[in-house]
Peer 1: 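Here you go, one structure.
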Amino acid sequence: TCALPISMKETKIRSIDGTEKDIPVLKEAGQIIRAGGLVVFPTETVYGIGANGLDADACRSIYTAKGRPSDNPLILTVPGKEEAKAAASYVPALAEKLMDIFWPGPLTLVLPRKAVVPDAATGGLDTVALRCPAHAGCRAFLRAAAVPVAGPSANLSGRPSPTTAAEAARDMGGRVDMILDGGACDVGVESTIVEVLEDEVVILRPGAVTEEMLAAVTPRVTVDKTLITGTGVPKAPGMKYRHYAPNAPMQVFVGRTEAVAAAIERETLRLRKGGGRVGYLVSTETADLLQTADAPTFVWGRHGDKKELARNLYTGLLFFDTAPADYILAEGVAAGDIGTAVMNRMKKAAAGAVVDV
Ligand code: AMP
Ligand code: MG
């Protein structure tokens with residue numbers, strides 16, 4: 001969490017629902033952004049904390065609000081391809097093709113930056129990360145802002161990302177000028193980040209746009225080695241930090257429900273012998289099999305339902321902000337589709353403690 005001194009702001013919370021009622025709210029949100037302030041906004045992946053991406057001071061205030069290390073660059077959120085091109089000094093044909101196919105949507109492209117993009121937005125890198133979200137309320141907000149909006153996830157650095165306005169308010173209340181409540185996020189895990197080279201795409205962070213989907217567009221798709229080995233310096237600086245961490249250490253078990261339930265029972269006995277309180281983050285089916293009583297339990301959905309786990313993962317991790325648990329025993333999903341992104345986040349949240357059972 002954040003040890004920096006921070007002056008508390010009055011945070012306005014405003015709902016948006018895609019109707020005409022949003023117009024004055026979004027107008028005000030756009031003014032806040034252009035005046036150098038901070039606005040939390042919904043996207044289809046997770047909630048973002050937004051500032052004018054062309055204003056270095058405004059970008060720096062995101063780092064202060066999040067307690068984010070200054071070498072971890074921000075993502076610039078734009079309403080379309082033209083605005084993205086205004087921030088990138090070179091857009092290979094392949095990048096343009098990816099924008100045409102996957103935008104608006106959960107894909108972030110890393111491209112060489114133009115000089116208008118300040119160091120404060122790129123962590124000093126000579127590249128810029130660009131994303132065009134699909135969420136209708138977010139798109140209306142971006143048009144109202146009329147500048148690229150630097151928008152990393154709206155959590156305190158290291159914590160799980162928020163997927164509802166209430167979760168964002170928990171971390172960012174008093175630190176931002178406004179929170180736009182656009183409902184629960186549909187995807188639930190952050191965007192896929194790719195570096196786009198002349199004829200190669202490198203996945204730096206897995207997300208809802210999968211390796212298979214990218215491979216259908218271009219034959220050369222690789223994955224940043226550090227994502228696979230867990231060692232070395234990742235190309236997305238943010239991937240090196242402990243991340244998505246819930247309030248208690250977590251272990252993740254992946255397998256058939258009977259095997260997962262048995263492993264959780266065994267760990268429960270062991271941890272309780274040492275006096276520890278356990279909490280569960282499991283599927284409906286596994287919850288039904290668990291015999292141990294009295295563990296705070298967050299049921300995330302049906303066994304193996306990757307989309308549902310993605311949607312509920314961070315709310316599940318944040319459940320343990322208030323549920324009394326010294327250890328979290330969680331059920332994961334198989335890799336593939338969005339399961340790869342989910343397990344990437346769960347592995348970080350569990351500091352690597354993931355086992356196949
Ligand atoms: P967040 O969406 O909050 O997870 O933060 C943005 C993510 O994008 C972080 O993991 C950053 O390291 C990554 N990122 C932003 N800009 C770049 C860039 N130019 N090159 C590589 N990764 C980037
Ligand atoms: Mg983040």
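Remember, it's 1-based here, ligands and their atoms both numbered in the order they're listed.
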Peer 1: Please confirm whether Leu74 comes under 4.0 Å of ligand 1, counting heavy atoms of the residue only.
Peer 2: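 A heavy atom of Leu74 does come that close to ligand 1.
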
Peer 1: Check whether more than 12 heavy atoms from other residues, nucleotides or ligands sit under 6.0 Å from atom NZ of Lys114, and answer yes or no.
Peer 2: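 Check passes, neighbour count above 12.
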
Peer 1: Could you say whether the N/O atoms of Glu190 and ligand 1 ever approach to under 3.5 Å?
Peer 2: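 It does not: no N or O of Glu190 is found under 3.5 Å from an N or O of ligand 1.
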
Peer 1: Taking the six-membered ring where the residue is Trp, are the ring centres of Phe41 and Tyr47 under 6.0 Å apart?
Peer 2: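 Phe41 vs Tyr47: aromatic centres not under 6.0 Å.
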
Peer 1: Are Leu111 and Leu130 packed together at the side-chain level, in the sense that at least one heavy-atom pair is separated by less than 4.5 angstrom?
Peer 2: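 Heavy-atom side-chain distance check passes, below 4.5 Å.
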
Peer 1: Do the side chains of Glu96 and Lys81 get close enough for a salt bridge, i.e. N-O under 4.0 angstrom?
Peer 2: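 A salt bridge is present here (some side-chain N lies under 4.0 Å from a carboxylate O).
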
Peer 1: Ignoring hydrogens and geometry beyond distance, is a side-chain donor-acceptor pair present between Glu190 and Thr45 at under 3.5 Å?
Peer 2: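 Checked: Glu190/Thr45 side chains show no N/O donor-acceptor pair below 3.5 Å.
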
Peer 1: Heavy-atom pairs closer than 4.0 Å: do any link ligand 1 to the side chain of Arg68, the backbone, both, or neither?
Peer 2: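 Looking at Arg68 and ligand 1, just side chain atoms fall under 4.0 Å.
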
Peer 1: Would you say ligand 1 has an N or O under 3.5 Å from any N or O of Lys66?
Peer 2: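 No; every N/O pair is 3.5 Å or more apart.
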
Peer 1: For Lys307, is the NZ atom crowded, meaning more than 12 foreign heavy atoms sit under 6.0 Å from it?
Peer 2: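 No, not enclosed.
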
Peer 1: Would you mind listing which atoms of ligand 1 come within a distance below 4.0 Å of any non-hydrogen atom of Ala129?
Peer 2: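 Close to Ala129: 15 (C), 16 (N), 17 (C).
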
Peer 1: Mark up the atoms of ligand 1 that fall under 4.0 Å of a heavy atom belonging to Ile75, in ascending order.
Peer 2: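 Checking each atom against Ile75, I get 2 (O), 6 (C), 8 (O).
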
Peer 1: Considering only heavy atoms of Leu125, which atoms of ligand 1 have at least one such atom less than 4.0 Å away?
Peer 2: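 Per the distance check, 18 (C), 19 (N), 20 (N).
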
Peer 1: Among pairs that include at least one residue of residues 262-271, which meet side-chain hydrogen bond (donor to acceptor under 3.5 Å, both in side chains), considering only residues two or more places apart or in two chains?
Peer 2: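 Listed once each, the pairs are Gln251-Glu267, Glu265-Thr292, Glu267-Arg270, Thr268-Tyr280.
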
Peer 1: What atoms in ligand 1 come closer than 4.0 Å to a heavy atom of Pro152?
Peer 2: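 Heavy-atom distances to Pro152 below 4.0 Å select 3 (O).
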
Peer 1: Have Arg131 and Thr43 got a donor and an acceptor in their side chains that come within less than 3.5 Å?
Peer 2: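 Yes, Thr43 and Arg131 have a side-chain donor paired with an acceptor closer than 3.5 Å.
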
Peer 1: NZ of Lys9: more than 12 outside heavy atoms within 6.0 angstrom?
Peer 2: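 Yes, because the 6.0 Å sphere around NZ of Lys9 holds more than 12 heavy atoms from other groups.
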
Peer 1: Geometry only, no angles: is Thr127 polar-contacting ligand 1 at N/O separations under 3.5 Å?
Peer 2: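 Between Thr127 and ligand 1, an N or O pair is found under 3.5 Å apart.
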
Peer 1: Applying a heavy-atom cut-off of 4.0 Å, say which part of Ile193 lies close to ligand 1: side chain, backbone, both or neither.
Peer 2: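 The answer is the side chain.
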
Peer 1: Is Arg113 touching ligand 1 with its side chain, its backbone, both, or neither, if touching means heavy atoms under 4.0 Å apart?
Peer 2: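 Arg113 to ligand 1: no contact under 4.0 Å from either part.
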
Peer 1: Take atom CG of Asp294 as the centre, draw a 6.0 Å sphere, and report whether it contains more than 12 heavy atoms from other residues, nucleotides or ligands.
Peer 2: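 Check fails, neighbour count at 12 or below.
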
Peer 1: Hey, is Asn72 touching ligand 1 through its side chain, its backbone, both or neither, going by heavy atoms under 4.0 Å?
Peer 2: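 Side chain only.
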
Peer 1: Go around the Mg ion (ligand 2) and count every protein N, O or S atom nearer than 2.8 Å.
Peer 2: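 My tally for this metal is 1.
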
Peer 1: What is the minimum heavy-atom distance between Ala51 and Leu38, and which atoms define it?
Peer 2: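 That would be CB-CD2, 3.7 Å.
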
Peer 1: Check the pair Asp119 / Arg60 against salt bridge (charged side-chain N to carboxylate O under 4.0 Å, His left out), numbers first and verdict last.
Peer 2: CA-CA 10 Å; Asp119 277 346; Arg60 276 190 284 271; over 6 Å; no

